[in-house]
Protein chains: 2
Amino acid sequence: METVDKKILLVEDDPNFGTVLKDYLMMNDFDVVHAKNGMEGFEKFKKDNYDLCILDVMMPYKDGFTLAKEIREKNEEVPIIFLTAKAMKEDVLRGYKVGADDYLNKPFDSEVLLMKIKAIIQRKGADSLADSKEFEFQIGNFHLNSKLRFLTLNDKEPIKLSPKENELLRLLALHLNDLMPRELALTKIWRDDNYFTSRSMDVYIAKLRKYLKSDENVEIVNIHGEGFRLLVKDQVDF
Amino acid sequence: METVDKKILLVEDDPNFGTVLKDYLMMNDFDVVHAKNGMEGFEKFKKDNYDLCILDVMMPYKDGFTLAKEIREKNEEVPIIFLTAKAMKEDVLRGYKVGADDYLNKPFDSEVLLMKIKAIIQRKGADSLADSKEFEFQIGNFHLNSKLRFLTLNDKEPIKLSPKENELLRLLALHLNDLMPRELALTKIWRDDNYFTSRSMDVYIAKLRKYLKSDENVEIVNIHGEGFRLLVKDQVDF
DNA sequence: AAAAGCGTTTAACCAAATGTTAACATCTCT
DNA sequence: AGAGATGTTAACATTTGGTTAAACGCTTTT
């Protein structure tokens, strides 16, 4: 699933600490944008989509809480972790009130931060893709580029997909290992849910199965009366 | 779904601390089940469905990490918070590795814990609102995914359930250890309460019993003239 | 303009999954 | 004991899905 590195917004005014932390996170395969204060942090936040925000509490011009509140107004979902030097109880409570996901006291262990980041992103990650404009998917050993309508297995010659094949596989990939309801595909792709469109969809499922057959760990399974499930066996986590 | 209190499993061997914490949480409108050790905690976990687990790390017989791992095998979703007296880095990392959602060092501020609990439960709730997380159940050693219509026992091959089997088991699980009235299933699932639907339901009860037979601690008992009760017995208690 | 290529739909047939009913055995309550 | 409720199994009916191939419509090629 992890086609693209997770994007982190780091807002930290201490240039030394900020740079070290940024480098450390980048070494661990995160895509980090570093803002030097609350203002800049908010500007950067508005310009891009982040998977996580790490905010220093004590900052000039605009403190971490205020920034968090502004971020929450724009986006209720994005996880927020606070960094703070002082561990005042009031601060901690205030942090959770503005919707923090976690809280870390400086100095902290970088490995611990990393674990927290992974834990938090992993939990959030699952369904945030649901409506995004993602067009690249990893499906077992396959790679689907649904913009170019290519399905590639390792270094084999890419399979060209027809528009319907592509849309259907993309919908399945968006619900990877989960149910993709029949009705969803019919309304989204065929724009009509009746006997014939449903039969047509089955024909396309058969076509996709034929393509996917060359990786035995990938399978489209039917859930009778409900829909289909694009299943990837033998999954490895990071 | 009804607005029922959130159910918390608290596993803490220190009787004083455990009781105080339980009372505090209950005062704050949580439904708390208190287990005195890891074994008991796991038994309790299997017998019911919880919104959150709070596990002490240092416990006799079975420590919090081991317990967390067992819980994770049964349920990948339920949030876990660790309590620990010592704040060893290795422990913290180990906790996150087994899928912790948070970590607290004793002594901690109860208000902070409350905030964390609320943040975590809220976060989970938001994530799963899209497809309403009301479809995963723990039934003894079984795990029911009523969205994918799977009934899984430990690492065995999942049993595929038919729509009616699934709906019926789900209704029973919603009333775990409690009466599930005949009439409820008939009106909700069969949409008609007559002689034939009632016989049909009995056929499905028989099918479910056959599936559930492989865990002798799980049983569907009849309450003559009233309905059925999905019962999870305890195996160990000390 | 006819032929060929392509994506899609329709049709037909078969296989699998699901649900209902009937028949009979057993249990529970009075 | 006896009536009604429940348990179990199997036959049967129905619904849904899988597959193949032909038909259709559209665009490009000859």
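In the text below, chain A, chain B and the rest are named by the order of the sequence lines, each starting its count at 1.
- One atom, CG of B:Asn194, and another, C1' of C:dT21, lie 12 Å apart when rounded to the nearest Å.
- Mapping B:Arg199 and A:Lys164 onto DNA chain C by nearest heavy atom places A:Lys164 at the nucleotide closer to the 5' end.
- An OP1 or OP2 oxygen of C:dG19 is reached within less than 4.0 angstrom by a side-chain nitrogen or oxygen of B:Ser162.
- Under the 6.0 Å cut-off for aromatic ring centres, B:Phe65 and B:Phe82 qualify, their centroids lying closer than that.
- Among the protein residues, B:Phe228 comes within range of the sugar-phosphate backbone only, with heavy atoms under 4.0 Å from sugar or phosphate atoms but none that close to a base.
- Put simply, CZ on B:Arg229 is 16 Å from P on D:dT6, counting in whole angstrom units.
- Summarising the geometry, the separation between CD on A:Glu183 and C1' on D:dT16 is reported as 17 Å, rounded to the nearest angstrom.
- In this structure, A:Lys210 does not reach the D:dT19 phosphate: none of its side-chain N or O atoms is under 4.0 Å from OP1 or OP2.
- Candidate nucleotides C:dT18, D:dT19, C:dT8 were compared by shortest atom distance to the side chain of A:Tyr204, and C:dT8 ranks first.
- The side chain of A:Val203 sits closest to C:dA11 out of D:dG7, D:dG17, C:dA11.
- The listed nucleotides are C:dT20, D:dT19, C:dT18; the one nearest the side chain of B:Arg149 is C:dT18.
- Close to C:dT20, at under 4.0 Å from its OP1 or OP2, lies a side-chain N or O of B:Trp190.
- Taking atom NZ of B:Lys160 as the reference point, atom P of D:dT16 lies 18 Å away to the nearest angstrom.
- Screening A:Asp202, A:Asp193, A:Thr197 against A:Arg182 for a side-chain hydrogen bond (donor to acceptor under 3.5 Å, both in side chains) leaves a single residue, A:Asp202.
- Here the nucleotide nearest the side chain of B:Arg209, chosen from D:dG7, D:dG18, C:dG19, is D:dG7.
- Nearest nucleotide to the side chain of A:Phe196, out of C:dG19, D:dG17, C:dT10: C:dT10.
- To the nearest 0.5 Å, the span separating CG on A:Leu179 from CZ on B:Arg149 amounts to 9.0 Å.
- Dashed line: the shortest gap from a side-chain N or O of B:Ser200 to OP1 or OP2 of C:dT20 is under 4.0 Å.
- The separation between A:Tyr195 atom OH and D:dT16 atom P is 11 Å, rounded to whole Å.
- For B:Arg182, a side-chain nitrogen or oxygen approaches OP1 or OP2 of D:dT6 to under 4.0 Å.
- Atom CD in A:Glu219 sits roughly 11 Å away from atom P in D:dG18 (whole-Å rounding).
- For the atom pair NZ (B:Lys47) and CG (B:Asn177), the distance works out to 7.5 Å, reported to the nearest 0.5 Å.
- Taking atom CG on A:Asp202 and atom C1' on C:dA17, their separation rounds to 14 Å, with Å as the unit.
- Here A:Lys207 lies in heavy-atom contact (under 4.0 Å) with a base.
- Counting only N and O atoms by type, the side chains of B:Lys46 and B:Asn141 include a donor and acceptor under 3.5 Å apart.
- B:Asn222 comes within 4.0 angstrom of sugar-phosphate atoms only, judged by non-hydrogen atoms across all strands, and of no base.
- In summary, the side chains of B:Glu12 and B:His34 do not present any donor paired with an acceptor at a separation below 3.5 Å, with no hydrogens or angles considered.
- B:Leu186 places its CG atom 13 Å from the C1' atom of D:dA5, with the value rounded to the nearest Å.
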